[in-house]
Amino acid sequence: MITVTFPDGAKRSYEKGTTAAQVAASISKSLEKKAVAAVVDGTLSDLSDPLQSDAKLELVMRDDGRALELIRHDCAHVLAEAVQELFPGTQVTIGPVIENGFYYDFFRNEPFTPADFPVIEKKMREIIQRDKPFTKSLKSRDEAKDFFRAKGENFKVELVDAIPAGQDIKFYDQGGWIDLCRGPHMPSTGRVGSAFKLMKVAGAYWRGNSNNPMLTRIYGTAWANDKDMQSYLTALEEAEKRDHRKLGREMDLFHFQEEGPGVVFWHAKGWTMFQQLIQYMRRRLTKLDYDEVNAPQVLDKSLWETSGHWGWYKESMFAVTSAGDETEDEQVFALKPMNCPGHVQIFKHGLRSYRELPMRLAEFGTVHRYEASGALHGLMRVRGFTQDDAHIFCTEDQMADECLKINDLILSTYRDFGFTEFVVKLSTRPEKRVGSDAAWDRAEAIMSKVLEQIAIESDGKIKTAVNPGEGAFYGPKFEYVLRDAIGRDWQCGTTQVDFNLPERFGAFYIGEDGNKHVPVMIHRAICGSMERFLGILIENYAGHFPLWLAPLQIVVCTITSEADAYAVDVVRQLKDAGLRVEVDLRNEKINYKVREHSVTKVPVILVVGKRETEERAVNMRRLGSQDQKSMTLVDAIAALRAEATPPDLR
RNA sequence: GCUGCCGUAGCUCAGUGGUAGAGCACUCCCUUGGUAAGGGAGAGGUCGAGGGUCCGAUUCCCUCUGGCAGCACCA
């Protein structure tokens, strides 16, 4: 006999080999019906697994959050079966659960299209209706390979090969359709229910390697019930409404065009925001003893060879030559993809003393990278962008302190933009790297300690994590990830310590001892790419910017032409107060004007008519509200001016 | 870069093997209207580019280019 302990502490005895399903049945009929899996000693398992020893057992109902993974996983199996039933000859590969759903990768000469979805979904519903049990069996490696080889499932044969020797190879049979799977599954296909939907098709490389064949991936979403699925679909629509590419067009912020793939045409309104961002950053940097510099756009390729970028990233750099001169000895330049070599040149220009350290060189540096065409995505991934970059030259002793100062700067900046949830990740040495292991050891040791301190000083409010092998080729880095208003995570800031580049460039300072020393260099960015950061802000605020950031803060709208002169005067006074304002004197009804400026998300509409003209007043309407507030012009200016003050100046 | 889909007016989108249409925006006229679209008229397109098939291509085929969704990449 074995003893089973339930979550409430109750214990019951069963014969050894009793399954969780039988345990459920022994308690109640409804439990037997409702349970879809078991958690045995903390591990999610099949209900059909026999219990071999004393165990803690929890029965998982279908509406339990932990069952969602099973619903999605089972749904992926159902999808695969449906596809193979409908399209014989299609090979199956893998079909994991992902956030909000699942996917399944298929190999078929003719790829699937969304037009195939209705018939596949219909077949899936049919399979779910059949409600066949999932039954598990074990095969030896050879049996498994023979099984798949006989079916022509070459990808599955490879998967079997990849399973470590000695490990059980599990198969699940769902009414005759059998798949390799580590499980667990619910008792039968019927439990998948009806809240699922195929979402899109896409190509995906076999095993994620671009040298491998391309498979067709079908993405699906699945939920415990229709209500959950509906709210997910609604959330997707909401996210679409905030798409910065759409808002950028509607708010007249920027555009792209064919002649400049991946480079932004900033319109006046977008550029205003860009400048607000830069001015904010610049004020903060000045207070923190940074020196702003500007290094050339185009530099001889030898500099990039020295830095190592040419060797590592040549294929994604823009080379620049004279268009007219076709002689052979022409010098090859590169458009800068990074600011660091330029800053090292500035550091090197002149003999540096330890007294000058830490030397913090900042630049709003425009860089160009020839990103793969498929990687381009609005402002989020471009080929020409501006980094709020800085390089701090310091001693090894000063390093940890500088990292902490940067940490404060980054997090307080994010807070000023309304973000509250962050994760700091430490990325350690990658396989492709320069520098000695000893140097990496030292750098990583310091960084780990700093990371610990960040977590402690924030009382655990700042989450931390480690990304092994994700560091830059010249050093480990901290990555700052923020969470936006609709729960999406964005990696923006980064702090990278570098024991290599200064040495490669022969940078040194004279130490207290009168000898030459190589400084440590810290690369750091807060927004990262200003373009991308603005994209994130647009989506985070859904275009409803706080007043200090809004490209156009106020529109003064007249009701009748009798108010024109007064309206112009109001605009003058608002402009004199430093506010960004336009006047709308058009021969249109006030409804029309209010609608238009609301659609383009102007935060404040000041309406002036006959009354206001007589009283030297304005009628204020805020974006997102129908309320109207009448006040004197003097009061309105004072209030708006205060509100438009950037957070660092309050 | 890879796979799939797409490219028609400033925007959103119809449509056709016989050289194109709507709504909004734009211009003009009427209207001076109190908080999310007043009425009328007009102008606006080498149907992404090049090549091919055809009597004839915006439509069918090929190449290129750009975009979208994933994948891969992201110093």
Side-chain angles (χ1 to χ4, degrees), chain A residues 103 105 110-115 199-219 243 245-246 249-250 252 255-262 304 307-317 336-341 367 369-378 380-382 387 430 432-434 470-475 477 491 494 496 498 501 523 525 528-529 532 557-564 586-600 605-612 619-630:
Chain A
Y103 66 76
D105 285 348
E110 193 186 331
F112 298 102
T113 75
M199 302 296 283
K200 54 195 168 195
V201 286
Y205 298 109
W206 167 234
R207 305 190 135 187
N209 184 327
S210 53
N211 299 319
N212 286 343
M214 176 74 65
L215 309 169
T216 339
R217 175 171 298 178
I218 297 181
Y219 284 91
D243 191 314
R245 293 166 297 186
K246 181 169 171 282
R249 201 184 314 114
E250 289 169 1
D252 193 21
H255 86 267
F256 291 91
Q257 66 187 48
E258 219 172 304
E259 293 82 353
W304 306 106
S307 71
H309 291 101
W310 193 262
W312 260 278
Y313 294 103
K314 186 179 163 190
E315 66 293 337
S316 41
M317 285 172 67
K336 70 172 172 181
M338 289 238 74
N339 302 302
C340 28
V367 296
R369 299 177 181 180
Y370 194 86
E371 302 284 2
S373 56
L376 302 177
H377 182 90
M380 301 304 189
R381 192 78 179 272
V382 286
Q387 292 179 313
K432 265 171 56 171
R433 61 176 183 263
V434 295
E470 298 286 317
F473 71 81
Y474 46 71
K477 61 183 178 183
Q491 198 241 297
T494 162
Q496 312 177 357
D498 182 353
L501 277 191
H523 310 238
S529 150
R532 179 166 171 274
C557 297
T558 51
I559 290 174
T560 87
S561 52
E562 286 173 73
D564 284 3
R586 288 178 303 173
N587 177 12
E588 294 291 352
K589 295 212 161 118
I590 193 62
N591 285 300
Y592 183 91
K593 296 185 183 183
V594 165
R595 176 183 150 79
E596 183 167 299
H597 300 121
S598 300
V599 164
T600 54
I605 296 175
L606 295 181
V607 173
V608 296
K610 228 166 156 183
R611 275 205 303 273
E612 288 77 12
N619 194 283
M620 190 185 291
R621 179 187 168 121
R622 309 295 305 232
L623 180 60
S625 158
Q626 255 121 274
D627 296 346
Q628 303 162 33
K629 214 170 144 195
S630 201

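Naming convention: chains lettered A, B, ... in sequence-line order (proteins, then strands); numbering from 1 in each chain.
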Asker: Give the rounded distance in Å between these two atoms: CG of Asn212(A) and P of rU3(B).
Answerer: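 My rounded result for the distance is 14 Å.
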Asker: Which residues satisfy the ring-ring contact (aromatic ring centres under 6.0 Å, His included) test with His255(A), sequence neighbours excluded?
Answerer: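 With sequence neighbours excluded, His255(A) shows a ring-ring contact (aromatic ring centres under 6.0 Å, His included) to Phe265(A), His267(A), given in chain and number order.
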Asker: Between Glu315(A) and Tyr370(A), do the side chains contain a donor N or O and an acceptor N or O under 3.5 Å apart?
Answerer: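 Checked: Tyr370(A)/Glu315(A) side chains show no N/O donor-acceptor pair below 3.5 Å.
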Asker: With sequence neighbours left out, what residues match Phe473(A) under ring-ring contact (aromatic ring centres under 6.0 Å, His included)?
Answerer: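 Checked Phe473(A) against ring-ring contact (aromatic ring centres under 6.0 Å, His included); matches are His309(A), Trp312(A).
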Asker: Give me the distance, rounded to whole Å, that separates rG66(B) from rU27(B) when you measure between the C1' atoms they each carry.
Answerer: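 Result for the C1' pair: 31 Å, nearest Å.
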Asker: On the nucleotide rG38(B), are OP1 or OP2 found under 4.0 Å from the side-chain N or O atoms that Arg595(A) carries?
Answerer: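 No, because none of the side-chain N or O atoms of Arg595(A) sits under 4.0 Å from OP1 or OP2 of rG38(B).
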Asker: For the pair Arg532(A) (side chain) and Ser529(A) (backbone), establish whether a donor and an acceptor sit closer than 3.5 Å, ignoring hydrogens and angles.
Answerer: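 Side chain of Arg532(A) to backbone of Ser529(A): no pair is present.
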Asker: Would you indicate what Lys593(A) reaches in the nucleic acid, counting non-hydrogen atoms under 4.0 angstrom: base, sugar-phosphate, or nothing?
Answerer: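 Nothing, no heavy atom under 4.0 Å.
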Asker: For atom P, what is the distance between rG4(B) and rC47(B), given to the nearest Å?
Answerer: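 Those two atoms are separated by 27 Å.
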Asker: Using atom CD of Gln626(A) as one end and atom C1' of rG34(B) as the other, report the distance to the nearest whole Å.
Answerer: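 After rounding, the reported distance stands at 15 Å.
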Asker: Using a 3.5 Å limit on both pairing distances, list the dot-bracket string of RNA chain B from the 5' end; Watson-Crick and G-U wobble pairs count, crossing pairs take [ ], interstrand pairs take |.
Answerer: (((((((..((((....[..)))).(((((.......))))).....(((((..]....))))))))))))....
Asker: Under 4.0 Å, counting only non-hydrogen atoms across every strand here, what does Glu612(A) touch: a base, just sugar-phosphate, or nothing?
Answerer: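 Base contact - Glu612(A) has a heavy atom under 4.0 Å of at least one base atom.
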Asker: Nearest whole angstrom, please: distance from the P of rG33(B) to the NZ of Lys610(A).
Answerer: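 For the pair Lys610(A) NZ and rG33(B) P, the rounded distance is 8 Å.
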Asker: Between Thr558(A) and Val599(A), who's closer to the 5' end of RNA chain B by nearest nucleotide?
Answerer: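 Comparing both residues, the 5'-ward one is Thr558(A).
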Asker: Across nucleotides 63-75 of chain B, 5' to 3', mark each nucleotide with B, S or - according to how protein heavy atoms within less than 4.0 Å reach it.
Answerer: --BSSSSBBBBBB
Asker: For rA36(B) and Asn591(A) - does any side-chain N or O of the residue sit under 4.0 Å from the phosphate oxygens OP1/OP2?
Answerer: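 Yes, within the criterion.
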Asker: From NZ of Lys589(A) over to P of rG34(B), roughly how many Å is that when rounded to an integer?
Answerer: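 About 8 Å, once rounded to whole Å.
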Asker: Please enumerate all residues that pass side-chain contact (heavy atoms from CB on, under 4.5 Å) together with Glu596(A), with sequence neighbours excluded.
Answerer: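 Glu596(A) satisfies side-chain contact (heavy atoms from CB on, under 4.5 Å) with Arg586(A), Tyr592(A) only.
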Asker: If you measure from CG on Asn591(A) to NZ on Lys593(A), what distance do you get to the nearest 0.5 Å?
Answerer: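 The NZ atom of Lys593(A) is 11.5 Å from CG of Asn591(A), to the nearest 0.5 Å.
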Asker: When the C1' atoms of rG50(B) and rG7(B) are compared, how many Å lie between them, rounded to an integer?
Answerer: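 Nearest-Å result for rG7(B) against rG50(B) at atom C1': 16 Å.
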Asker: Please tell me which of the listed nucleotides, rC26(B), rG33(B), rU35(B), lies nearest to the side chain of Tyr592(A)?
Answerer: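 Out of rC26(B), rG33(B), rU35(B), the nucleotide with an atom closest to Tyr592(A)'s side chain is rC26(B).
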Asker: Expressed as a whole number of Å, how far does the P atom of rU46(B) sit from that of rA20(B)?
Answerer: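 Approximately 12 Å lies between the P atom of rU46(B) and that of rA20(B).
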Asker: Can you list the residues that meet the side-chain contact (heavy atoms from CB on, under 4.5 Å) rule with Arg621(A), with sequence neighbours excluded?
Answerer: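 With neighbours one apart ignored, the set is Val594(A), Ile605(A), Gln626(A).
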Asker: Has the side chain of Ser561(A) got a donor or acceptor atom sitting under 3.5 Å from an opposite partner on the base of rU32(B)?
Answerer: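 Indeed there is one.
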Asker: Could you state the atom-to-atom distance from CG of Asp252(A) to P of rA25(B) in whole Å?
Answerer: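 The answer, rounded to whole Å, is 16 Å.
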Asker: With distance as the sole test, does Arg217(A) use its side chain to make a donor-acceptor pair with the main-chain N or O of Ala202(A) at under 3.5 Å?
Answerer: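 No; zero donor-acceptor contacts below 3.5 Å.
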Asker: Between Glu250(A) (CD) and rA37(B) (P), how many Å, whole number?
Answerer: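 One finds 17 Å between P of rA37(B) and CD of Glu250(A), rounded.
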Asker: When you compare the side chains of Tyr205(A) and Arg207(A), does any donor N or O come within less than 3.5 Å of an acceptor on the partner?
Answerer: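 No - no donor-acceptor pair under 3.5 Å links their side chains.
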Asker: Between rA14(B) and rU58(B), how far apart are the two C1' atoms, rounded to whole Å?
Answerer: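 Taking atom C1' in both rA14(B) and rU58(B), they lie 14 Å apart.
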Asker: Say you draw a straight line from CG of Leu623(A) to NE2 of His597(A); how long is it, rounded to the nearest 0.5 Å?
Answerer: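 Answer rounded to 0.5 Å: 12.0 Å.
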Asker: Output the rounded distance in Å from CD (Glu588(A)) to C1' (rC28(B)).
Answerer: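 Going from Glu588(A) (CD) to rC28(B) (C1'), I get 13 Å.
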Asker: With rounding to whole Å, what would you report as the distance between rU65(B) and rG56(B) at their C1' atoms?
Answerer: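 Roughly 27 Å separates the two C1' atoms.
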Asker: Regarding Arg622(A), tell me which of base, sugar-phosphate or nothing describes its non-hydrogen contacts under 4.0 Å with the strands shown.
Answerer: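 Result for Arg622(A) = nothing.
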Asker: Please state the P separation for the pair rC13(B) and rC6(B) - nearest whole angstrom.
Answerer: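 Between the two P atoms, the distance is 14 Å.
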Asker: How many angstroms lie between OG in Ser307(A) and CG in Leu501(A), if you round to the nearest 0.5 Å?
Answerer: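 Answer for the OG-CG pair, Ser307(A) versus Leu501(A), is 6.0 Å.
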Asker: Select base, sugar-phosphate, or nothing to describe what Thr113(A) touches, counting heavy atoms under 4.0 Å on all strands.
Answerer: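 Touches nothing.
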Asker: To the nearest angstrom, how far is Asp105(A) atom CG from rG4(B) atom P?
Answerer: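 It is 15 Å, rounded to the nearest whole Å.
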Asker: Could you give the distance separating rC30(B) and rG17(B) at their P atoms, to the nearest angstrom?
Answerer: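 Going atom to atom, P in each nucleotide, I get 45 Å.
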